[in-house]
Structures are given as C-alpha cells and as structure tokens.
2 protein chains.
Amino acid sequence: MKKNTTTMSNIELDRKTERFIARCRANGLKVTPQRIAIYRGLVDTDEHPSAEMLHEKVKKVFPGISLDTVNRTLLTLSEIGAASVVEGSGDARRFDGDSEKHQHFKCVQCKRIVDFHHKAFDRIKVPVGIARRFTILSKSVYLEGICDLCRRR
Amino acid sequence: MKKNTTTMSNIELDRKTERFIARCRANGLKVTPQRIAIYRGLVDTDEHPSAEMLHEKVKKVFPGISLDTVNRTLLTLSEIGAASVVEGSGDARRFDGDSEKHQHFKCVQCKRIVDFHHKAFDRIKVPVGIARRFTILSKSVYLEGICDLCRRR
DNA sequence: TTTGTAAATAGGAGTAGCTACTATATAGTA
DNA sequence: TACTATATAGTAGCTACTCCTATTTACAAA
C-alpha cells in the first residue's frame, strides 16, 4: 500500500499544474520538468515545507535534482505568486525592545522594519475554534511592501 | 559633537533600565553589565537590529563582548518579555503553495504551521496614514502558541 | 525539423547566522 | 569573605542559503 501524503485528487492537482504552467508562460519563465515537480510537491502537501524538506520529496521522482534548484525555484514561484514564504526570511533574526503594543511594516526592498500602532489591530479577535484548539501566546498583524524611501527612486 | 542615535531621553532610558533590572531579578537572572549594555542598546533605537548590528553597537562601550553573548542575551530577553523577535526565526524558510487566502498559526514548540481561514482577517483594513506612506503588497495575521498535540503532554 | 540562444540546472565552493562547547570570570548569597 | 550557580569569551562546528561555472535544455525563429 502506498503511503498517502496527498491533500487533493490527481484531477485537482493536474488542474493546478495546468494553471501553473500558464502562469509560468505569462511571466516568461521556461517550463522545466524540475519546476513542475517542485510545484507539484509543494502544492500537494499542507506541511509548509522548507527547501530541504521539499528537496527530499522531489528527489524520489527526480533523483539528480539539486537543493539549490529547489531553493531558487521556490523563490521564483514566490515572485510570480505561485507560492509564498510563510516563515523565515533567510535573513538574520531581528529584535525589538519596545514592549508597547504595536505592529510592523517591512520594506521588501531595503528590509527596513517600521513600527506603527493601529489600535484596531490590537483588538483583533481570534476565532473560537482556534482559541479552543490551541493556546494562543501571541497574535500579530504584519504588513509588507515598498517603503516611502525606496519608492522615491 | 556626538552623533545622536538616541530615541529617548536619558531619564527615560534609565527608568526603563531600572524596570529591566527588576524584571531580571524577578526571573532569577543575574544582572550583568553586558546584559544591561545589550538591553540599553536595543531599547535606545528603533532600527530593529540583528544580533550582529547590536554587537557592533555594544562593542563601542564594551569592546570585548562576543557575538554569541549578544545573541544568547537577546533570546533570553525575549523569554522574559523584555524584547521580542520581529523578523526571522533562525530556522529555515518555509513555503506554502496554497494560493487561497488564509492565515497561519505556528506552534512554538514543534514548529508546526497550521493553516486556518477566518474571513474577518481577510478584511482587516490598513490605516490610511500607512497606506499613503507605503505601497502595501501583503498584509497578514499571524498567531503563535502551543498546538493541540504539544499541549497533550 | 533544425538551429541558435537565453534561461535553467547540477555540483560544488563559499558565506552568514546561529549554536554548542569549554575554560574562565563574576553576580548574588550565606 | 568565600562559595556556587550562572554568565561570558573565544572558538569550533553546523545549517541554511547563495554564488559561481560548466553544461544542458526549453522554446523561438529559420
């Protein structure tokens, strides 16, 4: 019996793959078998894998693939909106000593992090289902974009 | 003339330092000059420094201090609530291929990331001042805590 | 179908950021 | 003042990521 790590039907997966291929072409990206394998590996799980984890998975169908290719491809997918980075930036950990409640905006270009405080964001309510299932220690609202200084060029 | 990287008066800074010392004692942590220097360096800026950046800064008043001490101390401060990590986890970057709108909960113990979707979180509104100043590319609500599986022990 | 070429890949080397280890030093306590 | 648990400095090691180069490949144009 085959171990099932699948989160959707093959039909659904194929449909997504089709749309992914279209998206690649729309962005002038070549459709390589490696890219498709990585995309399918990523979409067909809800584990939020790291590049390393996906590399292991994709190697089973594509033994020669390199970790660098997986990493590079994942970043490319993020750029065209076919994937997203949900944790970790690859950059150094950044600290804040301000204990007042506030939120952060991060510039994706210069990596500057700007504080702001919007009271409504302090008050967002965690849905009951989540609050029951998990012990919530922190909740935060996080914005990303281009900052005023970078936009000025 | 002294370059001014200060964000608050010396009086304010000293008051914060006092409270920090009390907090250390309350948590059974020793009050070392290094710890104080690191704390003051962190609080007296709004740059959200990395360990490396703070290390450079603290070295000016404390030449022999090691990067490891800065890193370790910052994590310690985070544990007692005197600081927080605002970006980067030290762990590997994690990806998501689900393009549907949703939010994430991350377990601080097992690092598992769980998707959930709460429509109200899709609709949070960015304050006008921020929207005018920055080009917002993404907004997200992020929860951290202990997951059901980890709590069961 | 063939050919040209810009893009992608494999493999490996290099780098940055973090962590573990050990000997020494020090804060807090009795 | 002496004791002990904790913290630090210095170093070595590890992991995640990025860069480099030669080779291969997708795909456009002939």
Side-chain angles (χ1 to χ4, degrees), chain A residues 17 20-39 41 48-80 82-83 85-95 111, chain B residues 17 20-39 41 48-80 82-83 85-95 108 111 113:
Chain A
T17 306
F20 170 65
I21 290 173
R23 180 169 238 160
C24 282
R25 296 207 201 281
N27 286 275
L29 295 180
K30 291 185 175 171
V31 179
T32 64
Q34 289 93 332
R35 237 167 224 174
I36 292 176
I38 292 165
Y39 175 77
H48 305 87
S50 62
E52 165 68 27
M53 287 157 80
L54 253 180
H55 184 222
E56 285 307 313
K57 187 174 174 183
V58 174
K59 260 203 294 197
K60 284 172 190 161
V61 276
F62 224 107
I65 199 164
S66 77
L67 174 60
D68 184 44
T69 295
V70 176
N71 230 323
R72 212 174 355 85
T73 300
L74 286 170
L75 293 177
T76 305
L77 299 201
S78 302
E79 273 166 27
I80 65 168
V85 179
V86 293
E87 176 68 23
S89 55
D91 302 316
R93 195 154 43 196
R94 303 274 287 274
F95 295 89
K111 318 247 165 173
Chain B
T17 306
F20 169 66
I21 290 174
R23 181 169 236 160
C24 283
R25 296 205 201 283
N27 286 274
L29 296 180
K30 290 185 175 171
V31 179
T32 65
Q34 289 93 333
R35 236 166 225 176
I36 293 176
I38 292 165
Y39 175 77
H48 306 88
S50 63
E52 167 67 27
M53 288 157 79
L54 254 180
H55 184 221
E56 285 308 314
K57 187 175 176 185
V58 174
K59 260 204 292 197
K60 285 172 191 161
V61 277
F62 225 108
I65 199 163
S66 75
L67 174 59
D68 184 44
T69 296
V70 176
N71 228 324
R72 211 174 356 83
T73 300
L74 286 169
L75 293 176
T76 306
L77 299 200
S78 303
E79 272 166 26
I80 64 168
V85 179
V86 293
E87 176 67 23
S89 56
D91 301 315
R93 197 154 40 196
R94 303 274 287 274
F95 295 88
V108 295
K111 319 247 164 169
I113 296 170

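Numbers restart at 1 for each chain; the letters A, B, ... are given by sequence-line order, proteins then strands.
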What distance separates B:D68 CG from B:H55 NE2, expressed to the nearest 0.5 Å? 9.5 Å
For the side chain of B:R72, starting at C-beta, report the closest nucleotide among D:dA9, C:dT26, D:dC17. D:dA9
In whole Å, I'd like the distance from the CG atom of A:N71 to the C1' atom of C:dA13. 16 Å
What's the closest nucleotide to the B:L75 side chain, out of D:dA26, C:dT19, D:dA9? C:dT19
Measure the distance from CG on B:L74 to P on C:dG17 and round it to the nearest whole Å. 14 Å
Measure from CZ on B:R25 to P on D:dA5 and round the result to the nearest Å. 19 Å
Taking for A:L29 and for A:R94 the nucleotide of DNA chain C with the nearest heavy atom, the one nearer the 5' end belongs to A:L29
Report yes or no: is there a donor-acceptor pair, N or O only, under 3.5 Å between the side chain of B:D68 and the base of C:dC18? no
For atom CD1 of B:I21 and atom P of C:dA27, their distance in whole Å: 12 Å
Measuring from the side chain of B:P33 (C-beta onward, heavy atoms only), which nucleotide among C:dA8, C:dA27, C:dG17 has the closest atom? C:dA27
Can you tell me if B:R93 touches the phosphate of D:dT18, counting only side-chain N or O atoms and a distance under 4.0 Å to OP1 or OP2? yes
Gap between atoms CD and C1', on B:E52 and C:dT19 respectively (whole Å): 16 Å
Spacing between A:K59 atom NZ and C:dG11 atom C1', to the nearest angstrom: 13 Å
What integer distance in Å separates A:L67:CG from C:dG14:P? 18 Å
Ignoring backbone atoms, establish whether B:T73 has a side-chain N or O less than 4.0 Å from OP1 or OP2 of D:dA7. no
Select from A:G90 and B:I65 the residue whose nearest nucleotide in DNA chain D is closer to the 5' end of that strand. B:I65
Expressed as a whole number of angstroms, how long is the span from A:F62:CZ to D:dT24:P? 15 Å
Is any side-chain heavy atom of A:F95 less than 4.5 Å from a side-chain heavy atom of B:H48? no
Taking the side chain of A:V31 as its heavy atoms from C-beta onward, which of C:dA8, D:dA7, D:dC27 lies nearest to it? D:dC27
Is the phosphate of C:dA27 approached by B:R35 (side-chain N or O, under 4.0 Å from OP1 or OP2)? no
Tell me, do A:F20 and A:L77 make a side-chain contact under 4.5 Å, heavy atoms counted? yes
Starting at CG of A:N27, measure out to OG1 of A:T76 and round the result to the nearest 0.5 Å. 10.5 Å
B:S66 side chain: which of C:dG11, D:dG10, C:dA8 is closest? D:dG10
Does A:R93 reach the side chain of B:N71, with side-chain heavy atoms less than 4.5 Å apart? yes
Where the side chain of B:A92 is concerned, which of D:dC17, D:dT8, C:dT19 is the nearest nucleotide? D:dC17
Nearest-0.5 Å distance that lies between atom NZ in B:K59 and atom CG in B:L67: 8.5 Å
Within the pair A:T32 and D:dT25, is there a side-chain N or O less than 4.0 Å away from OP1 or OP2? no
A:T76 vs B:S50, nearer the 5' end of DNA chain C by closest nucleotide: A:T76
Between C:dA10, D:dA26, D:dA9, which one does the side chain of B:Q34 approach most closely? D:dA9
